[in-house]
Amino acid sequence: MKSSQIFFTITKQVNYGEAVYIVFNFTSWNLQHAIRMECKKIDQWSKEIEITCLQFEYKYVIGQYDNILEGEIVWEKGPNRSSDNLKLLEMNQSKLQFEDVWEKRNLMFFLIDKKQNKRSKKNEEHQILIFGQVKALNSPVKFSNCQLNQKTQLYYVNLQLEPEEITNPIEIQIYMQVQLNKSYIEIISKNVKINFRNLPINICEEILPDSKCYHLK
């Protein structure tokens with residue numbers, strides 16, 4: 001089975017003599033197989049790990065630096081973290097990396113734009129904004145974009161949800177300004193309620209249907 005080198009990072013302040021560990025479901029959550037992360041910056045813990053599973057779950061744990069089995073152990077609250085975002089991460093970056101924050105969870109939104117005009121050398125760039133009633137969206141957040149290949153462009157945004165925002169549906173809205181040749185179309189979605197999930201959310205399938213469209217001169 002093909003293995004992948006995955007770089008995990010998490011932000012968490014710990015007490016002197018403690019460390020952040022990562023534990024996986026494929027080791028049956030056994031703390032004897034917990035992997036201690038490295039603190040290279042203040043409150044920034046990271047570790048590159050070789051993993052052979054295509055799908056896995058993981059969580060972070062705080063324990064004694066020298067031996068996690070000695071002293072108090074603190075598991076982060078919330079649902080298990082998942083590798084379900086991995087396929088999308090493989091598409092947009094050469095180095096697989098999960099950037100986590102203690103007890104917050106990532107909710108990823110994306111759109112894949114395939115070039116329709118064969119004569120054009122590149123896709124027209126679109127502006128996509130997401131609005132919502134969560135702390136990560138106190139102000140609108142713009143989607144990042146990257147060129148996957150000559151015909152395909154990926155737009156994506158990754159929200160860090162607070163623990164209390166994971167258990168209840170969140171309400172979001174998408175605004176898009178799409179360039180087609182020399183004209184622009186404005187697309188405004190309805191307010192949509194989304195439940196937290198580990199799977200990336202395709203905004204074309206779940207949010208943009210029935211949106212209002214306006215032709216901008």
Do Tyr184 side-chain atoms and Tyr214 backbone N/O form a donor-acceptor pair below 3.5 Å? no
Sequence-distant partners of Asn80, side-chain hydrogen bond (donor to acceptor under 3.5 Å, both in side chains), two or more places apart: Glu57
Just so I know, are the side chains of Ile22 and Lys47 near enough to count as touching, which here means a heavy-atom distance under 4.5 Å? no
Here the gap from Glu48 atom CD to Ile35 atom CD1, rounded to the nearest 0.5 Å, amounts to 12.0 Å
Shared hydrophobic cluster, Ile203 / Ile194 (ILVMFWY, side-chain heavy atoms < 4.5 Å): yes
Do the rings of Phe8 and Phe24 sit parallel, tilted or perpendicular, given the 30° and 60° boundaries? perpendicular
Just wondering, more than 12 heavy atoms not from Tyr65 lying within 6.0 Å of its OH? no
Rounded to the nearest 0.5 Å, what separation is found between the OH atom of Tyr58 and the CH2 atom of Trp29? 10.0 Å
Any chance you could measure Gln133, atom CD, to Gln173, atom CD, to the nearest 0.5 Å? 10.0 Å
For the student: nearest non-hydrogen atoms of Glu103 and Ile166, plus distance: O-CD1, 4.1 Å
Test item: Trp45 side-chain N/O and Lys12 main-chain N/O as donor-acceptor pair under 3.5 Å: yes
Test of understanding: clusters of I, L, V, M, F, W, Y form through side-chain heavy atoms closer than 4.5 Å, transitively. Do Phe56 and Leu199 belong to the same one? no
Taking the side chain as everything from C-beta on, heavy atoms only, tell me whether Gln44 gets closer than 4.5 Å to Thr11. yes
With the side chain counted from C-beta on, respond yes when Ile130 and Leu159 share a heavy-atom pair under 4.5 Å apart, and no when they do not. yes
Taking CD in Glu162 as the centre, count heavy atoms belonging to other residues, nucleotides or ligands within less than 6.0 Å. Is the count above 12? yes
Enter the distance from Asn106:CG to Gln160:CD here, rounded to the nearest 0.5 Å. 4.0 Å
In the single-linkage hydrophobic clustering (I, L, V, M, F, W, Y; side-chain heavy atoms under 4.5 Å), do Ile201 and Met176 co-cluster? yes
If every non-hydrogen atom of Phe196 is compared with every non-hydrogen atom of Pro79, which pair is closest and at what distance? CE2-CG, 3.9 Å
With a 4.5 Å limit on heavy-atom distance, are the side chains of Phe109 and Ile172 in contact? yes
Linking I/L/V/M/F/W/Y whenever any side-chain heavy atoms sit under 4.5 Å apart, do Ile51 and Val20 land together? yes
Trp102 and Val74 have their tightest heavy-atom pair at CH2-O, 3.8 Å
Just wondering, do Val23 and His33 contact through their side chains at under 4.5 Å, heavy atoms? no
Would you find a donor on one side and an acceptor on the other, under 3.5 Å apart, between the side chain of Tyr60 and the backbone of Asp100? no
Any salt bridge linking Arg81 with Glu76? Criterion: basic side-chain nitrogen under 4.0 Å from a carboxylate oxygen. yes
First locate atom NZ of Lys104, then atom CD of Glu165, and finally report the distance between them rounded to the nearest 0.5 Å. 8.5 Å
Checking Tyr175 against Glu186 for the side chain to side chain donor-acceptor pair (under 3.5 Å) test, could you report, in this order, the C-alpha distance in whole Å, the side-chain angles of both residues, the deciding distance, and whether it holds? CA-CA 8 Å; Tyr175 168 87; Glu186 188 178 64; 2.8 Å; yes
Tell me, do Thr9 and Gln97 make a side-chain contact under 4.5 Å, heavy atoms counted? yes
Quick check on the hydrophobic clustering: are Leu137 and Leu111 connected, directly or via other members, by side-chain heavy-atom contacts under 4.5 Å? yes
Mind checking the CG-CG spacing from Asn158 to Leu107? Nearest 0.5 Å is all I need. 8.0 Å
Show the nearest heavy-atom pair for residues Ile62 and Glu18, with the distance to one decimal. CG2-OE1, 3.7 Å
Between Ser189 and Ser211, which heavy-atom pair has the shortest distance, and what is it? CA-OG, 3.3 Å
Should side-chain heavy atoms under 4.5 Å link Ile, Leu, Val, Met, Phe, Trp and Tyr, which residues sit in the same cluster as Ile42? none
State, with a plain yes or no, whether a side-chain heavy atom of Asp210 is found less than 4.5 Å away from one of Lys190. yes
Measure across Phe131 and Pro140 and return the closest heavy-atom pair with its distance rounded to 0.1 Å. CE2-CG, 3.1 Å
With a 6.0 Å cut-off (strictly less than), is the heavy-atom count around CD of Gln13, excluding the residue itself, greater than 12? no
